[in-house]
Structure formats: structure tokens, C-alpha cells
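Note sheet for the following structure.
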Amino acid sequence: MYGTRVGYARCSTDEQDLIIQTEQLLALGVLADRIYIDRGFSGTTRRYHNGR
């Protein structure tokens, strides 16, 4: 039985780079259509995006 690799890249701050995370997942053998990207905000960064 063969497994399917799934990747997850998350960027919640300006310092994090989705391109680097995606490239690393591809290098690990994760297919591009199996990489899921989240551009969410963490609890500490949310306040800056809400203007508070």
C-alpha cells in the first residue's frame, strides 16, 4: 500500500514565506496539488490587521 503525501503551508506573519515552505514540501515529494495553503492570522497578529 502506498501513501499519499499532503502538505500544509501556513503564513500568519509578514516574516513567514509561503514560497519557501512550498518549495520544501515539493522537495519532500508532496505533489503541488496536494499542498494546502493557509494565510491566516494568529492571535497575536490578528489585532494588527483589525486596527486594534
Side-chain angles (χ1 to χ4, degrees):
M1 181 176 185
Y2 296 97
T4 301
R5 293 180 182 220
V6 177
Y8 176 74
R10 185 169 196 283
C11 181
S12 60
T13 69
D14 293 335
E15 291 81 27
Q16 294 173 328
D17 190 341
L18 287 174
I19 294 171
I20 292 172
Q21 291 181 42
T22 303
E23 289 174 349
Q24 290 174 340
L25 290 167
L26 291 169
L28 290 170
V30 179
L31 298 176
D33 65 342
R34 295 288 182 198
I35 298 175
Y36 298 91
I37 297 175
D38 180 8
R39 291 181 181 92
F41 301 112
S42 70
T44 57
T45 59
R46 180 175 286 127
R47 65 179 162 199
Y48 299 114
H49 292 283
N50 287 339
R52 294 184 200 164

To check you understand the geometry: which heavy-atom pair defines the closest contact between [X] and [Y], and what is its length?
X     : Y     : answer
Tyr8  : Leu25 : N-CD1, 3.8 Å
Val6  : Val30 : C-CG1, 4.0 Å
Arg10 : Ser12 : NH1-CB, 3.0 Å

Original post:
Do Ile37 and Gln21 pass the side-chain contact (heavy atoms from CB on, under 4.5 Å) test, and can you show the C-alpha distance, the side-chain angles, and the key distance before you say yes or no?
Top reply: CA-CA 10 Å; Ile37 297 175; Gln21 291 181 42; over 6 Å; no

**OP:** Mind checking the CG-CD spacing from Asp17 to Gln24? Nearest 0.5 Å is all I need.
**Re:**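 Answer for the CG-CD pair, Asp17 versus Gln24, is 9.5 Å.
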
**OP:** Check for a donor-acceptor pair, side chain of Arg5 on one end and backbone N or O of Leu28 on the other, with a separation under 3.5 Å.
**Re:**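 Such a contact is found between Arg5 side chain and Leu28 backbone.
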
